[in-house]
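Working notes, beginning with the structure itself.
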There are 2 protein chains.
Amino acid sequence: MEPRADHSKTAYVILGMLALGRQTGYEIKSLVDISTRFFWAASYGQIYPELKRLEQAGLIRGKEDRTNGRKRRSYELTAAGRETLHDWLTSDELLVRELRHEGVLKLFFSDVLTPEEQLEQIRRIRRAHEATRQQLEEIAPGAREADEARGLRFTLLTLDWGIAYQDAIIDWCTRAERELGAAALEA
Amino acid sequence: MEPRADHSKTAYVILGMLALGRQTGYEIKSLVDISTRFFWAASYGQIYPELKRLEQAGLIRGKEDRTNGRKRRSYELTAAGRETLHDWLTSDELLVRELRHEGVLKLFFSDVLTPEEQLEQIRRIRRAHEATRQQLEEIAPGAREADEARGLRFTLLTLDWGIAYQDAIIDWCTRAERELGAAALEA
DNA sequence: TATAGCATGTAATTAGTTACATGATTAA
DNA sequence: TTAATCATGTAACTAATTACATGCTATA
């Protein structure tokens, strides 16, 4: 087996989005902004150059398009592109996972604060996740519609994952607030 | 009120670690690697230059030190540094939160897979979080000891947060696997 | 005496965001 | 006619990782 060139994650985002029926850089970015950005972001500065690279590599095929009135460059997957996507989706490589959470970082250092400030720290984390949960709920109806129209399930399942994640943190915060509050009263 | 210069998050990691009793760049990095890296990473390439900047800014004070046999540069917080840390910890600015999760990204595109491959996708996510959970459990005893020795609570609380997060994802995966498995049997 | 761990640092690279430029079309 | 949206792109910047260089000390 020859060593296949490995691609940036942005490349797979593009291949995946084309497989889900998007056609242009703009459409890909629009969908990213209401879906994968919660667990994988991508900017124009990544998407457009990557589209060119993928075309050069023969994984996607682009053509000038005027079907929507506006002129635009629409892409579709080639057989090689579909295979590359499938290989990535089913590969057993270690999954990249990174988390940056300023709230938890602050919590880590919160021993230097007063009990009231400590409580507020956790409240702020909770509120941040409640806000995200709200955002996800607002996305849900549109996602449900789009999923049904295209016969998809996994975009919605992913949204459910996101809500479950928010809920878990919210619950943890609620518990921690109660315990910390109780401890503060005793003292 | 004058507009205080705002610092990189690495700066706050350093100030916080000094407040918790670390003294050198090496010690800070060592603790980061078994604690904050799960929600906020930092490399030598960030830490050492930032230590110099912070000293220049008067937030920390460094001196040559030989107490441990080896020569090293140990730092402590100045009053200004302690205040800067406190301001950040109690500020109401929007918390930076970023998540990159390749497993969930793959899940998002999994409509193109067979039912068995879809199931495997979720299993891989679960396994990744089980492995992280395991790592956190291994860190726990040492963290408990260190916390007790120093009279700290929040480092352990943060660890508990991390475990709760892993558990929530593991539970979600278990449920999703069951539902997907059941649906596959019907078909 | 050799290996592991303590300790400090930087150069080179890669990744990623931000901001801007440009222009067309559609809907209010 | 004007604002919003569709659409493509890049230059400049900032952040971050990786890999390397260096050398000491404690321990097996």
Side-chain angles (χ1 to χ4, degrees), chain A residues 5-14 17-18 22-34 36-37 39-56 60 62-75 94 96-102 105 142, chain B residues 5-14 17-18 22-34 36-37 39-56 60 62-75 94 96-102 105 142:
Chain A
D6 83 319
H7 302 279
S8 70
K9 303 303 176 195
T10 306
Y12 298 114
V13 170
I14 290 173
M17 289 297 186
L18 293 180
R22 308 302 129 163
Q23 301 177 45
T24 68
Y26 185 82
E27 282 179 0
I28 290 170
K29 171 66 169 152
S30 302
L31 183 51
V32 162
D33 283 345
I34 55 164
T36 69
R37 79 159 162 105
F39 44 87
W40 204 284
S43 66
Y44 284 125
Q46 294 169 279
I47 291 170
Y48 282 110
E50 191 65 49
L51 278 167
K52 295 198 168 166
R53 276 192 290 270
L54 287 172
E55 186 164 21
Q56 291 235 300
I60 64 179
K63 65 166 196 290
E64 293 311 314
D65 179 353
R66 228 172 219 293
T67 43
N68 285 25
R70 290 187 181 77
K71 76 163 182 295
R72 51 191 222 151
R73 188 161 183 85
S74 74
Y75 294 91
L94 211 62
V96 173
R97 264 178 313 145
E98 279 162 53
L99 179 63
R100 321 191 93 204
H101 197 312
E102 193 181 359
L105 182 62
Chain B
D6 82 319
H7 302 279
S8 70
K9 304 303 177 195
T10 307
Y12 298 114
V13 170
I14 290 172
M17 289 296 186
L18 294 180
R22 308 302 129 162
Q23 299 176 46
T24 68
Y26 185 84
E27 280 178 1
I28 290 170
K29 171 66 170 152
S30 302
L31 184 50
V32 163
D33 283 346
I34 55 163
T36 70
R37 78 158 164 107
F39 44 87
W40 205 284
S43 66
Y44 283 126
Q46 294 169 281
I47 291 169
Y48 282 109
E50 191 65 50
L51 279 167
K52 293 197 170 167
R53 277 193 290 272
L54 287 172
E55 185 164 22
Q56 291 234 299
I60 65 179
K63 65 166 197 292
E64 292 310 316
D65 179 354
R66 228 171 219 293
T67 44
N68 285 25
R70 289 185 182 80
K71 76 162 181 293
R72 51 191 223 153
R73 188 162 182 84
S74 73
Y75 293 90
L94 212 63
V96 174
R97 265 177 313 144
E98 280 163 52
L99 180 63
R100 323 191 90 204
H101 196 310
E102 192 179 1
L105 182 63

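Protein chains get the first letters and strands the later ones, always in sequence-line order, with residue 1 at the start of each.
Summary for the helix from C:dT1-D:dA28 to C:dA28-D:dT1: the axes at its two ends, each from 5 pairs, differ by 30° when rounded to the nearest 10 degrees.
Residue contacts shown for B:Lys52 are limited to sugar-phosphate atoms, with no base heavy atom under 4.0 Å away. Across all strands shown, A:Thr24 has heavy atoms under 4.0 Å from sugar-phosphate atoms exclusively, and none from any base.
Checking B:Arg100 against B:Gln46, the closest nucleotide of DNA chain C that is more toward the 5' end is the one next to B:Gln46.
The pair B:Lys9-A:Glu102 meets the salt-bridge criterion, with a side-chain N (NZ, NE, NH1 or NH2) lying under 4.0 Å from an Asp/Glu carboxylate O.
Mapping heavy-atom proximity under 4.0 Å, the span of DNA chain C touched by chain B runs 5' to 3' from C:dG5 to C:dG16.
B:Arg73 is linked by a side-chain contact (heavy atoms from CB on, under 4.5 Å) to B:Glu55, B:Glu64, B:Tyr75, counting only residues two or more places apart in sequence or in another chain. Residues meeting the side-chain contact (heavy atoms from CB on, under 4.5 Å) test with B:Ser8, sequence neighbours left out: B:Thr10, B:Ala11, B:Glu50. Residues satisfying the side chain to side chain donor-acceptor pair (under 3.5 Å) test with B:Glu27, not counting sequence neighbours, are B:Arg72.
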When you compare the protein's N or O atoms with those of nucleotides 22-27 of chain D, which come within less than 3.5 Å of each other, and at what distance?
from   : atom 1 : to      : atom 2 : distance (Å)
D:dT25 : O2     : B:Arg70 : NH2    : 3.1

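The nearest whole Å value for the distance from the CH2 atom in B:Trp40 to the C1' atom in D:dT17 is 16 Å. What separates CZ of A:Arg72 from P of D:dC6 is a distance of 11 Å, to the nearest Å. Whole-Å rounding puts the A:Asp33 CG to D:dA7 P distance at 15 Å. A straight line from CD1 of B:Ile14 to P of D:dA16 spans 12 Å, rounded to a whole angstrom. One atom, CZ of A:Arg22, and another, P of D:dA7, lie 12 Å apart when rounded to the nearest Å. Rounded to whole angstrom, the span from the OH atom of B:Tyr48 across to the P atom of D:dT17 amounts to 16 Å.
One finds no side-chain N or O of A:Tyr26 lying less than 4.0 angstrom from the OP1 or OP2 phosphate oxygen of D:dT8.
With B:Arg37 contributing its side chain and B:Trp40 its backbone, the two residues share no donor-acceptor pair below 3.5 Å. The main-chain N or O of A:Ile47 is never found under 3.5 Å from a side-chain atom of A:Lys29 such that the two would form a donor-acceptor pair.
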